[in-house]
**Q** 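Structure provided below as structure tokens; questions to follow.
Since the model is a prediction, treat every value here as computed from it, not as a measurement. Quick note on labels: first sequence line is chain A, next is B, and so on, each numbered from 1.
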Number of protein chains: 2
Amino acid sequence: MRADAQALKGHLDVLLLATLNDGPQHGYAIKEALRDGSGGRFDLPTGTVYPALHRLERAGLISGSWSVVDGRRRRSYQLTAEGHKKLAGERANWREFATAVTTLLEPGPWPTAT
Amino acid sequence: MRADAQALKGHLDVLLLATLNDGPQHGYAIKEALRDGSGGRFDLPTGTVYPALHRLERAGLISGSWSVVDGRRRRSYQLTAEGHKKLAGERANWREFATAVTTLLEPGPWPTAT
DNA sequence: CACCCATAGCTAGGATTACTACCTATCCGC
DNA sequence: GCGGATAGGTAGTAATCCTAGCTATGGGTG
């Protein structure tokens with residue numbers, strides 16, 4: 001398992017939604033967008049991406065449609081209205097979460113001096 | 001379950017280590033430090049904190065010792081040398097992770113306006 | 001033609017981990 | 001005596017990411 005395998009937990013959905021915010025994409029393209037957009041850090045296996053997309057679709061946050069390109073079938077997804085709302089909320093949520101963690105990670109105020 | 005129940009996954013350990021970096025603490029005090037230091041955001045149940053501390057102790061990152069204060073037994077933990085190293089690595093890891101996520105969450109370069 | 005790789009999609013099961021719910025015990029205030 | 005805060009703990013559940021495997025097409029190579 002990757003070193004930060006658990007690190008993504010709970011944050012993958014917002015990354016997928018954010019990627020789709022740049023326009024409709026199919027799963028494989030989303031996977032590549034995350035890899036390239038993160039400098040290779042989020043090179044997710046398909047077994048992570050596809051189930052997550054299904055989860056988002058079941059939740060009504062994205063909607064998918066089949067098409068065929070070069071003889072290969074594709075499922076393209078786009079954000080629903082609910083997905084847009086969710087993305088906005090999750091973005092704010094991430095900011096707060098990241099701020100809280102970063103603050104706690106700062107070396108504490110040592111009670112030595114003074 | 002809390003809204004961001006999964007958000008902490010993989011990040012709790014570094015928070016515990018960082019709290020102990022400010023000096024030895026017992027579990028209950030750590031729990032309060034995280035709550036207060038996060039503006040109430042990380043108000044973790046004891047069923048989250050204690051098992052996590054046991055995990056870190058098993059991993060050799062912290063070491064605990066029993067004491068009795070006011071008739072109540074306490075288990076105080078402090079970072080081991082390995083724990084210090086782990087904390088440094090995890091802090092760097094968090095910075096990279098947070099940067100990657102934040103970058104991906106930034107509104108994409110819209111091809112509309114200029 | 002046979003074969004492999006990249007593209008594109010999918011699933012079952014395992015592993016990890018935070019949470020819920022519950023328990024024990026002491027001290028203090030009412 | 002009783003409840004609440006302090007202090008510690010466990011068992012079992014839920015969520016979700018990963019591993020490993022599968023199907024299928026098109027293009028390139030031997």
**Q** For the pair B:Arg55 and B:Asp13, evaluate salt bridge (Lys or Arg N to Asp or Glu O under 4.0 Å) and give the outcome as yes or no after the intermediate values.
**A** CA-CA 9 Å; B:Arg55 197 172 50 212; B:Asp13 290 7; 2.9 Å; yes
**Q** Under 4.5 Å between any side-chain heavy atoms of B:Leu34 and B:Leu16, yes or no?
**A** yes
**Q** Between D:dT16 and A:His11, is there an OP1 or OP2 to side-chain N/O distance shorter than 4.0 Å?
**A** no
**Q** Run the salt bridge (charged side-chain N to carboxylate O under 4.0 Å, His left out) test against B:Arg35 and tell me which residues pass, sequence neighbours left out.
**A** B:Glu32, B:Asp43
**Q** Rounded to whole angstroms, how far apart are CG on A:Asp43 and C1' on C:dT7?
**A** 15 Å
**Q** From CZ of B:Arg75 over to P of C:dT26, roughly how many Å is that when rounded to an integer?
**A** 19 Å
**Q** Output the rounded distance in Å from CZ (B:Phe42) to P (C:dA18).
**A** 12 Å
**Q** Compare the minimum distances between each of C:dC10, C:dC19, D:dC18 and the side chain of A:Leu8, then state the nucleotide with the smallest one.
**A** D:dC18
**Q** Who passes side-chain contact (heavy atoms from CB on, under 4.5 Å) against B:Ala29, sequence neighbours left out?
**A** B:Gln25, B:His26
**Q** For B:Pro51 and B:Thr46, take the nucleotide of DNA chain C holding the closest heavy atom to each; which residue's nucleotide lies nearer the 5' end?
**A** B:Pro51
**Q** Relative to the 5' end of DNA chain D, which residue comes earlier, B:Tyr50 or A:Arg55, by the nucleotide with the nearest heavy atom?
**A** B:Tyr50
**Q** Ignoring hydrogens and angles, answer whether the base of C:dT16 and the side-chain atoms of A:Lys9 contain a donor-acceptor pair closer than 3.5 Å.
**A** yes
**Q** Would you please name every residue forming a side-chain contact (heavy atoms from CB on, under 4.5 Å) with B:Glu96, sequence neighbours left out?
**A** A:Arg41
**Q** Name all residues meeting the side-chain contact (heavy atoms from CB on, under 4.5 Å) criterion together with B:Ala33; count only those two or more places apart in sequence or in a different chain, and write none if there are none.
**A** B:Thr19
**Q** Just jot down the salt bridge (charged side-chain N to carboxylate O under 4.0 Å, His left out) partners of B:Glu82, sequence neighbours excluded, or say none.
**A** none
**Q** Below 4.0 angstrom, which residues in residues 26-33 of chain A have at least one non-hydrogen atom near DNA chain C?
**A** A:His26, A:Gly27, A:Tyr28
**Q** Does a side-chain N or O of B:Thr48 approach OP1 or OP2 of C:dC19 to a distance below 4.0 Å, or not?
**A** yes
**Q** Does A:Thr46 have any side-chain contact (heavy atoms from CB on, under 4.5 Å) partners at least two apart in sequence or in another chain, and if so, which?
**A** A:Lys31, A:Tyr50
**Q** Please report, rounded to the nearest Å, how far the C1' atom of D:dC17 is from the CG atom of A:Leu44.
**A** 9 Å
**Q** Tell me the interatomic distance from A:Asp13, atom CG, to D:dA15, atom C1', rounded to whole angstroms.
**A** 11 Å
**Q** Residues in salt bridge (charged side-chain N to carboxylate O under 4.0 Å, His left out) with A:Arg75, at least two apart?
**A** A:Glu57
**Q** Just how far, in rounded Å, is C1' of D:dT16 from CG of A:Leu56?
**A** 12 Å
**Q** With no hydrogens and no angle check, do the side chains of A:Trp66 and A:Ser76 hold a donor and an acceptor under 3.5 Å apart?
**A** no
**Q** Calculate the interatomic distance between B:Gln25 atom CD and D:dA7 atom P; express it in whole Å.
**A** 11 Å
**Q** Measure CD/B:Glu57 against C1'/D:dG8 and give the value in whole Å, please.
**A** 13 Å
**Q** Counting side-chain heavy atoms from C-beta on, which of D:dT19, C:dC19, D:dC17 comes nearest to B:Pro45?
**A** C:dC19
**Q** List in numerical order all residues of residues 62-74 of chain A for which some heavy atom is under 4.0 Å away from an atom belonging to DNA chain D.
**A** A:Asp70, A:Gly71, A:Arg72
